[in-house]
**Q** 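After the structure tokens below, expect a handful of questions from me.
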Amino acid sequence: MKVALITGITGQDGSYLAEFLLEKNYKVYGIMRRKSVIDYGNVEHLRDKITFIYADMTDVISLISAMKQSQADEVYNLAAQSFVATSWEQPLATADIDAIGVTNILEAIRIVKPEARFYQASTSEMFGLVQEIPQKETTPFYPRSPYGVAKLYGHWITKNYRESYGLYACSGILFNHESERRGKEFVTRKITDAVARIKLGLIDYLELGNMDSKRDWGHSMDYIQAMWLMLQQSKPDDYVIATNETRTVREFVEAAFKHADITLEWRGTGIDEVGIDQKTGKTIIKINSKFFRPAEVDILLGDPQKAERELQWKRKITFNELVCRMVDNDLKLVTQEVNLNKN
């Protein structure tokens with residue numbers, strides 16, 4: 001039986017990865033930070049199948065202890081302060097977790113079990129002000145946020161430990177991947193949650209920032225399989241995981257409302273642009289400048305050819321299916337919330 005240790009196990013990717021590995025008969029350990037209230041997040045339904053270890057990415061001693069206890073064959077580092085907007089408000093905390101934290105877990109592996117295989121969750125945000133379109137493994141990086149900068153350190157320290165110590169260490173440069181388990185602070189889930197609330201008459205409108213930002217959106221369930229595949233190869237390497245399709249925030253919004261049988265009509269320009277419900281004539285989308293980033297990332301479009309060729313990986317869930325899944329899930333959750341409040 002293989003043993004896996006997952007940091008960030010309570011998050012979106014961590015929960016899907018835990019399910020995937022359990023189905024493959026892995027023994028799964030998950031790292032949790034100690035809090036006053038225990039929160040299993042997205043793995044609440046798996047809590048009896050996972051062995052949890054209290055540790056923290058900023059505390060190397062606790063990570064060494066986690067490696068000693070788990071004796072993991074595979075380590076997946078998914079822990080991060082992963083919200084770009086928060087990285088501007090908490091740049092030092094973001095650096096501690098997303099940059100130095102990677103060094104800490106690599107050190108724990110090197111000291112306790114150097115033959116373990118390591119996956120680092122890198123990000124398309126490292127490309128930032130993109131130097132070529134589409135972006136691939138050889139594209140120069142130009143991060144545009146404290147999050148992107150911290151992740152770039154994590155990416156390069158992983159490569160350095162691989163080349164300096166001979167560790168089997170991979171980085172997956174994952175482009176935007178969403179799901180029904182995405183946190184509401186992320187724009188995709190913010191949109192689908194608002195669609196459900198507007199549809200059910202609970203709120204009047206949704207405020208958003210840059211509607212013309214372009215992203216390469218896939219589903220987390222497809223992307224966690226790529227993580228696993230990277231650690232099953234004969235030698236470690238870095239891979240871009242993406243769909244090779246780019247959509248604007250506006251397209252995501254339109255697709256989400258359309259699935260809820262609401263057709264949008266756009267009026268105005270720039271900060272004065274609004275989205276109108278064609279049936280009712282009500283304004284349901286407003287632009288708010290506070291949601292614009294200090295430094296915008298205008299377009300992200302990944303080229304996954306290397307992963308498709310070497311890992312035999314291919315995304316299965318389309319953009320429209322992703323949006324529909326998220327909207328359906330939020331309609332269900334918000335309806336349950338309404339019924340609970342009635343009782």
**Q** Taking all atoms of both residues into account, what is the closest heavy-atom pair of Ala4 and Leu21, and its distance?
**A**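 Heavy-atom minimum between the residues: CB-CD1, 3.6 Å.
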**Q** Specify the closest pair of heavy atoms between Cys170 and Leu231, including all atoms of both residues, with the distance to one decimal.
**A**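 Looking at all heavy atoms of both residues, the shortest contact is SG-CD2, 4.1 Å.
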**Q** Has the side chain of Asp216 got a donor or acceptor atom that lies under 3.5 Å from a matching backbone atom of Phe175?
**A** no
**Q** Where is the tightest heavy-atom contact between Glu273 and Met211, given as atom of each residue plus distance?
**A**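 Of all heavy-atom pairs spanning Glu273 and Met211, the closest is OE1-CG, 4.4 Å.
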**Q** Can you measure from CD1 (Ile97) to CZ (Arg33) and round to the nearest 0.5 angstrom?
**A**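 Result: 6.0 Å between the selected atoms.
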**Q** Would you compute the distance between atom CG of Leu208 and atom CG of Asn288 and round it to the nearest 0.5 angstrom?
**A**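 Spacing of CG (Leu208) from CG (Asn288) equals 9.5 Å.
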**Q** Give a yes or no on whether the ring-centroid distance for Phe141 and Phe127 is below 6.0 angstrom.
**A** yes
**Q** Are the side chain of Glu137 and the backbone of Val240 linked by a donor-acceptor contact shorter than 3.5 Å?
**A** yes
**Q** If you compare all heavy atoms of Ile241 against all heavy atoms of Ala226, which two are closest, and at what distance to 0.1 Å?
**A**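 Scanning both residues, the minimum pair turns out to be CD1-CB, 3.6 Å.
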**Q** Identify the two heavy atoms, one from Gln312 and one from Arg309, that lie closest to each other, and give their separation to 0.1 Å.
**A**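 Shortest heavy-atom contact: NE2-O, 2.8 Å.
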**Q** Determine, using ring centers only, whether Tyr161 and Phe118 are less than 6.0 Å apart.
**A**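 Distance test on ring centres: not under 6.0 Å, no.
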**Q** Examine Leu229 and Val28 and state if one hydrophobic cluster contains both, with Ile, Leu, Val, Met, Phe, Trp and Tyr joined whenever side-chain heavy atoms are less than 4.5 Å apart.
**A**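 Cluster IDs for Leu229 and Val28 match.
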**Q** Verify the cluster assignment for Leu17 and Tyr168: are they in a single hydrophobic cluster under the rule of side-chain heavy atoms below 4.5 Å apart?
**A** yes
**Q** Could you walk me through whether Tyr16 and Tyr223 pass the ring-ring contact (aromatic ring centres under 6.0 Å, His included) test, one step at a time?
**A** CA-CA 9 Å; Tyr16 282 121; Tyr223 286 42; over 10 Å; no
**Q** Could you check whether Glu19 and His45, counting side-chain N and O atoms only, form a donor-acceptor pair closer than 3.5 Å?
**A**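 Present: a donor and an acceptor within the cut-off.
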